[in-house]
Amino acid sequence: PLKAGHKRFYVSPDGDDAAAGTKTNPLKTLAGARDRIRVYRSQDDTPAIEVIFSEGVYRFSETVSFSAKDSGTETAPVIYRAADGERVVFSGAVELDLSNAELVSDPEILERLPESARGKTVVTAISDFPYQIDQNELAPTAQQLCRYWEYPELYADGKAQTLAQWPNGEANYATWT
């Protein structure tokens, strides 16, 4: 536990980085907390700072960088932690809008699917995808997506899903379509 007199900032996925950072008026992001601490440290030489994250998923669309000025000291640490008993997830994943997902109906794609997967496999547009993809392509291939990350992953309801590839390969991302 930190000694008396330390400063606490609270962060919640439902917060606002313009907020005070209190338990009832929390900040929203890791970057917002970092920036608030920078301002606070420039005005007050507090003995310690604790940043407490409420349960939830905190999404990142860009890198959050820290420098030496963000570090505490042995006697005045800066501690980032989840609230007691709460699960906090930091994720760079993009959440896809599946409200317009439709069952696959393209005959060429259906022909490639096992009989057991037909009528169960969905497709959705990724027009809001935050990475630039050649809009002349009918659909981006995993090879195109790999330009943006080394190992693409897909999760549904928190469970890892198998990415389709055709023709079947041996985890060779260059063959994924």
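Evaluation of the salt bridge (charged side-chain N to carboxylate O under 4.0 Å, His left out) rule for Arg59 yields Glu95 as partners, not counting sequence neighbours. Among residues two or more places apart in sequence or in another chain, the side chain to side chain contact (heavy atoms under 4.5 Å, CB included) test is passed with Val122 by Ala101, Leu103. Under the salt bridge (charged side-chain N to carboxylate O under 4.0 Å, His left out) criterion, Glu115 pairs with Arg118, sequence neighbours left out. Applying the side chain to side chain donor-acceptor pair (under 3.5 Å) rule to Asp84 yields the partners Arg81; only residues at least two apart in sequence or on another chain are considered. Taking Thr73 as the reference, Thr75, Ala76 meet the side chain to side chain contact (heavy atoms under 4.5 Å, CB included) condition, with sequence neighbours excluded. Contacts of Ser12 classified as side chain to side chain donor-acceptor pair (under 3.5 Å), with partners at least two apart in sequence or in another chain: none. Here Asp70 pairs with Arg38 under the salt bridge (charged side-chain N to carboxylate O under 4.0 Å, His left out) rule; sequence neighbours left out. Annotation: side chain to side chain contact (heavy atoms under 4.5 Å, CB included) contacts of Pro107 (sequence neighbours excluded): none. With sequence neighbours left out, the side chain to side chain donor-acceptor pair (under 3.5 Å) criterion links Asn25 to no other residue.
Here the side chains of Ile49 and Ile79 are not in contact, with every heavy-atom distance at 4.5 Å or above. When side chains are defined from C-beta on, Ile37 counts as touching Phe9, because their heavy atoms get closer than 4.5 Å. Under the 4.5 Å side-chain criterion, counting only non-hydrogen atoms from C-beta, Glu50 is in contact with His6.
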Take Val51 and Val11 through the side-chain contact (heavy atoms from CB on, under 4.5 Å) test and state the conclusion after the steps. CA-CA 7 Å; Val51 179; Val11 186; 3.6 Å; yes
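Closest approach of Leu27 and Ala33 over heavy atoms only: CD1-CA, 3.7 Å. What you find for Val57 and Ser91 is that their closest heavy atoms are CG1-CB, 4.2 Å.
Proximity of a side-chain donor or acceptor of Arg36 to a complementary backbone N or O of Ala19 within less than 3.5 Å is detected.
For residues 67-101, the pairs satisfying ring-ring contact (aromatic ring centres under 6.0 Å, His included) are Phe53-Phe90, Tyr58-Phe90, Phe60-Phe90, Phe66-Tyr80, with sequence neighbours left out. Residues in residues 92-119 take part in no ring-ring contact (aromatic ring centres under 6.0 Å, His included) pair, two or more places apart or across chains. Under the salt bridge (charged side-chain N to carboxylate O under 4.0 Å, His left out) criterion, no residue pair touches residues 16-32, with sequence neighbours excluded.
Salt-bridge annotation for Arg87 and Glu55: absent, with no side-chain N of the basic residue lying under 4.0 Å from a carboxylate O of the acidic one.
The CZ atom of Arg112 lies 11.5 Å from the OG1 atom of Thr121; values are rounded to the nearest 0.5 Å.
Residue Val78 is grouped with residue Leu30 when hydrophobic side chains (ILVMFWY) are merged at heavy-atom distances under 4.5 angstrom, including chains of intermediate members.
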